[in-house]
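Chain naming here is simple, since letters A, B, ... match the order of the sequence lines and numbering starts at 1 in each.
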2 protein chains.
Amino acid sequence: MSCSAGAAQPQIRLRVVHPPVRTVPAATVSRLPVYFRVLDRIAESRSTISSDLLAELAGTTAAIVRKDLSYLGSMGTRGAGYEVLGLRDRISAVLGANRAWPVAIVGMGNLGRALASYPGLAGPSFEVAALFDVDPAKVGRPVAGVIVRHLDELDEISRNVKLSIGVITTPAVAAEEVAGRLVEAGIHSILNFAPVRLGVSDGVLVRDVDLGLHLLVLSYNERSRLEG
Amino acid sequence: MSCSAGAAQPQIRLRVVHPPVRTVPAATVSRLPVYFRVLDRIAESRSTISSDLLAELAGTTAAIVRKDLSYLGSMGTRGAGYEVLGLRDRISAVLGANRAWPVAIVGMGNLGRALASYPGLAGPSFEVAALFDVDPAKVGRPVAGVIVRHLDELDEISRNVKLSIGVITTPAVAAEEVAGRLVEAGIHSILNFAPVRLGVSDGVLVRDVDLGLHLLVLSYNERSRLEG
DNA sequence: TAGTGTGAACGCTTTCACAGCG
DNA sequence: CGCTGTGAAAGCGTTCACACTA
């Protein structure tokens with residue numbers, strides 16, 4: 001098998017205290033978005049797809065595809081495969097991708113500004129609802145069409161606008177406090193780009209995107225390639 | 001070649017001779033960078049650390065810490081814990097973090113420019129060696145102090161400057177071709193931010209950082225929180 | 001016949017428990 | 001006594017094999 005690594009996940013800390021009644025394995029949840037994207041892309045050129053082809057396009061195996069999809073209930077037709085649109089919509093519903101989740105980004109440095117304009121955030125499933133910083137030079141100016149607010153306004157804004165997902169793109173030293181404020185403002189899902197481990201209360205899901213860790217794994221790969 | 005490719009004894013002159021490292025499990029490799037960062041941070045305030053404390057700071061368990069470190073050879077002192085500096089340097093050597101790997105970034109959009117200035121890339125283990133784009137408006141201008149080159153110059157530049165790690169921050173449609181060019185230029189370790197699965201030859205390690213997938217997992221979390 | 005759905009085997013990872021050593 | 005190092009057990013996720021069905 002190739003070393004191509006969607007399978008190689010960064011550390012994910014699932015802190016869900018009350019697991020869903022109908023439990024989809026975490027490994028499956030992390031692959032559903034891949035299937036969703038593949039199905040969405042080929043929806044116009046195919047009406048059905050086999051687990052074999054879906055596996056190839058998603059970078060996994062047919063057996064895993066069938067197992068994963070079995071957790072969503074049997075949607076395939078033996079001998080024919082899966083109906084693309086039906087399967088896409090089912091996965092979309094499971095993921096909650098069929099509505100627009102309001103996202104707040106805290107930290108309008110280079111990375112935060114880049115994310116605010118990120119195409120993935122402009123899709124139908126997400127909406128940049130608020131941007132925050134503490135730097136007076138940034139507060140009040142628009143980024144990607146949204147006015148940057150001072151972090152102190154978070155509570156007030158979250159009372160008027162429901163915020164579902166928080167993205168932390170602050171320096172490491174500020175991340176912990178920002179996370180606390182996001183949780184206080186009612187956010188339970190956080191995407192953290194700061195290179196620190198956030199200590200959040202139970203029930204809050206934190207996904208860490210830590211470039212430094214990724215780079216060090218690549219470094220390990222280079223080192224072992226050179227030295228055996 | 002395997003993803004959890006065997007690491008052999010580094011020929012670093014340490015005071016203590018460690019047994020050869022045959023294979024480090026992939027799960028362990030992905031945690032070593034976390035330990036490294038923790039140890040580096042506390043090196044000035046502590047001289048030894050127990051598996052319990054290291055686990056807490058790294059967000060894992062003491063049993064996992066001990067198991068992980070056992071793959072690097074026994075470095076601990078029973079009753080006292082691990083010597084912070086020695087352990088840090090040992091992990092650094094295994095990860096190859098004790099030298100500066102030259103990194104090339106392809107795609108100088110918002111994300112590429114943000115990464116070029118990313119502090120994690122400015123550390124001692126990495127060096128932004130080259131930046132590439134195909135947009136004439138970007139080629140020739142400096143980003144983070146490095147002149148952006150046209151992608152067509154990749155081969156020529158890679159003959160003069162050794163490039164170890166490639167970062168892809170292009171639009172999705174270009175990513176596949178860029179990956180091919182990077183591999184042709186002799187790069188075996190790729191950090192891919194484009195939301196596509198790269199089909200690369202065996203022996204090339206690709207780490208995907210796919211924000212869209214992360215967001216959809218958070219979306220799943222929000223959805224199941226609302227609907228059970 | 002082609003391809004799903006699934007129990008069972010397999011292998012990797014985590015957890016447990018404790019012997020052993022400073 | 002405190003804490004490491006490590007076999008053994010448990011838990012998950014992946015792979016296999018094949019019965020079954022449109």
| said: Rounded to whole Å, how long is the line connecting atom CG of A:Leu54 with atom P of C:dG5? | reply: 12 Å

| Nearest-angstrom distance from the residue atom CD of B:Glu83 to P of D:dT4 | 14 Å

| Length of the line joining A:Met75:CE and C:dG5:C1', which is rounded to integer Å | 14 Å

| said: For B:Gly76 and A:Thr60, find the nucleotide of DNA chain D closest to each by heavy atoms; which residue's nucleotide sits nearer the 5' end? | reply: B:Gly76

| query | Of the nucleotides C:dC16, D:dG13, C:dT14, which has the atom closest to the B:Ala27 side chain? | reply | C:dT14

| message | Could you tell me how far apart A:Ile49 (CD1) and C:dG3 (C1') are, to the nearest whole angstrom? | response | 13 Å

| message | Tell me whether B:Glu227 at atom CD has more than 12 heavy atoms from other residues, nucleotides or ligands lying less than 6.0 Å away. | response | yes

| request: Check whether the side chain of A:Arg78 and the base of D:dT21 form a donor-acceptor pair under 3.5 Å. | output: no

| said: Just to be sure I understand the rule, does B:Thr61 reach a base, reach only the sugar-phosphate, or reach nothing, if contact means heavy atoms closer than 4.0 Å? | reply: sugar-phosphate

| message | Could you check whether A:Thr28 and A:Asp68, counting side-chain N and O atoms only, form a donor-acceptor pair closer than 3.5 Å? | response | yes

| request: Taking atom types as modelled, find out whether B:Ser189 and A:Glu222 have a side-chain donor-acceptor pair closer than 3.5 angstrom. | output: yes

| Whichever of B:Ser50 and B:Lys67 has its nearest DNA chain D nucleotide further upstream toward 5' | B:Ser50

| query | Between B:Thr77 and C:dC21, is there a side-chain N or O to OP1/OP2 distance below 4.0 Å? | reply | no

| query | How would you label the contact of B:Ala62 with the nucleic acid (heavy atoms, under 4.0 Å): base, sugar-phosphate, or nothing? | reply | nothing

| At under 4.0 Å, does any side-chain N or O of A:Ser51 touch on OP1 or OP2 of C:dG3? | no

| task | Let me know the distance between CG of A:Leu53 and C1' of C:dA2, rounded to the nearest Å. | result | 14 Å

| Reckon A:Tyr71 has a side-chain N or O less than 4.0 Å from the OP1 or OP2 of C:dT6? | no

| field | Distance below 4.0 Å between A:Arg66 side-chain N/O and C:dG7 OP1 or OP2 | value | no

| Does A:Glu56 CD have over 12 foreign heavy atoms under 6.0 Å away? | no

| field | salt_bridge(A:Asp210, B:Arg37) N-O dist < 4.0 Å | value | yes

| field | Separation of D:dC16 P from A:Ile64 CD1 (nearest whole Å) | value | 10 Å

| Value in whole Å for how far the C1' atom of C:dG5 lies from CG of A:Leu87 | 14 Å

| said: What is the distance, to the nearest angstrom, from the CG atom on B:Asp68 to the P atom on D:dT6? | reply: 13 Å

